[in-house]
Amino acid sequence: MKLGIVGLPNVGKSTLFNAITKAGAESANYPFCTIEPNVGIVAVPDERLDKLSEMYKPEKTTPTSIEFVDIAGLVKGASKGEGLGNKFLSHIREVDAIIHVVRCFEDGNIIHVDGSIGPSRDIETIEMELILADMEVMERRVDRTRKMLKTGDKKYQIELELYEKILKSLEEGKAVRSMEFDIDTKKLVDQLFLITAKPVLYAANVSEDGIHSEESNALLDELFEHAKKEGSEVMVICAKIEEEIAQLELEERDEFLKELGVSESGLDKLIKSSYKLLGLISFLTAGPQEVRAWTIVKNTKAPQAAGKIHTDFERGFIRAEIVAYKDLMECGSYNLAKEKGLVRSEGKEYIMQDGDVTLFRFNV
Ligand SMILES: Nc1nc2c(ncn2[C@@H]2O[C@H](COP(=O)(O)OP(=O)(O)O)[C@@H](O)[C@H]2O)c(=O)[nH]1
Ligand SMILES: [Mg+2]
């Protein structure tokens with residue numbers, strides 16, 4: 001899974017990105033790397049992995065991961081090639097979802113590109129650039145499809161109608177994610193890689209005294225209202241504090257969080273929200289060699305989940321032996337769970353559930 005961090009300049013994108021990647025680098029046996037200065041991979045925190053590792057004492061524990069990209073260069077006029085415009089746009093086409101950082105902190109020392117702080121206006125500035133970028137793509141599509149239609153193939157008629165509908169909606173200033181499509185049409189739309197079709201999560205970057213300050217509150221109200229109209233989610237975060245938290249050792253971190261009166265860091269919350277936004281769940285595999293979490297989309301069937309591990313697992317899928325994480329923990333061991341009849345044998349049509357501890361049987 002790949003998430004792109006966007007927002008106007010000086011809203012705290014890089015601060016948040018640095019906090020994310022530093023936090024990743026801190027957690028000992030979790031793999032972490034920065035591929036490029038603006039791309040980082042972080043482990044998805046999952047306490048089930050830690051508990052399973054206590055049970056299995058494996059040689060290694062491998063969490064599932066998320067890739068974050070700090071996408072700079074989005075300003076008014078970006079779609080026309082101003083700033084880092086085009087490079088920015090190619091980066092953002094590749095992500096699965098967008099984290100849109102919105103400035104909700106007051107700080108006279110930090111310049112706002114438009115001279116004042118205005119969450120709704122800021123969102124619209126960014127959204128408009130993204131809409132313009134998608135319009136360009138769709139204009140080219142419409143042109144090309146019109147030409148293809150002259151070959152006489154009927155399928156182009158259906159495509160052309162769809163593309164024109166999307167273009168019209170964009171011209172009205174609407175993001176593609178606000179449009180509704182049936183399942184087959186959705187597949188066509190997915191192939192267009194439109195930026196405004198991607199789900200978005202607003203990250204409200206509040207000041208250090210955060211939601212306790214009245215100024216932030218007014219800005220937050222504005223943001224929440226805007227998001228509600230769109231049907232988007234908001235999470236509140238203080239990038240500055242997250243950066244501080246990320247620099248602490250694990251034990252200090254827990255203490256600091258306790259002092260702040262919260263149970264988890266904003267980053268953990270961010271990762272969980274992203275999971276929810278994308279409709280993702282994890283299944284687990286456990287053995288003496290490795291305990292590991294795997295990311296799948298909700299409603300994935302067992303063979304396709306097996307394919308995440310290896311294509312052979314999917315091709316030669318026979319069945320999956322599954323015990324729910326909760327059942328396994330209550331029993332205390334796999335054998336006890338088996339004795340109690342809690343290890344199920346599931347076939348090709350089984351829909352994977354979050355926390356399924358799974359052993360795939362396959363034959364190739
Ligand atoms: N006071 C305050 N400053 C912040 C906060 N988040 C970021 N900043 C500062 O705002 C400036 C711009 O942040 P940066 O992350 O570089 O913004 P970007 O342009 O969106 O990547 C930096 O000086 C940050 O230290 C915050 O929550 N509170
Ligand atoms: Mg930056």
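First listed ligand is number 1; within each ligand, the first listed atom is number 1. We use all heavy atoms of the structure for the numbers below, so side chains are in, but hydrogens, waters and symmetry mates are not.
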Charged N-O contact under 4.0 Å between Arg319 and Glu321:
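Between Glu321 and Arg319 there is a salt bridge, with a charged N closer than 4.0 Å to a carboxylate O.
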Under 4.5 Å side-chain heavy-atom separation, chaining through any Ile, Leu, Val, Met, Phe, Trp or Tyr, what else clusters with Ile309? Say none if it is isolated.
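Members other than Ile309 - counting any ILVMFWY side chain reachable under 4.5 Å - are Ile281, Phe283, Trp294, Ile296, Phe313, Phe317, Ile322, Tyr350, Met352, Phe360, Phe362, Val364.
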Under 2.8 Å from the Mg ion (ligand 2) - does any N, O or S atom of Ser14 fall there?
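Yes - counting backbone and side chain alike, Ser14 has an N, O or S atom under 2.8 Å.
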Listing, residues 142-151 side-chain donor-acceptor contacts under 3.5 Å, not counting sequence neighbours, or none:
| unit_1 | atom_1 | unit_2 | atom_2 | d |
| --- | --- | --- | --- | --- |
| Thr145 | OG1 | Arg141 | O | 2.6 |
| Arg146 | NH2 | Glu164 | OE2 | 2.7 |
| Thr151 | OG1 | Met148 | O | 2.5 |

I'd like the contact residues of ligand 1, where contact means a heavy atom below 4.0 Å.
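Ligand 1 is contacted, at a heavy-atom distance under 4.0 Å, by Leu8, Pro9, Asn10, Val11, Gly12, Lys13, Ser14, Thr15, Phe105, Asp107, Ile110, Asn205, Val206, Glu208, Cys238, Lys240.
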Give a yes or no on whether Lys2 atom NZ has more than 12 heavy-atom contacts from other residues, nucleotides or ligands under 6.0 Å away.
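For Lys2, atom NZ is crowded (more than 12 foreign heavy atoms under 6.0 Å).
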Can you name the residues that form a ring-ring contact (aromatic ring centres under 6.0 Å, His included) with Phe68, not counting sequence neighbours?
none
Say whether, by atom type as modelled, one donor and one acceptor occur between the side chain of Lys13 and the main chain of Leu8 under 3.5 angstrom.
yes
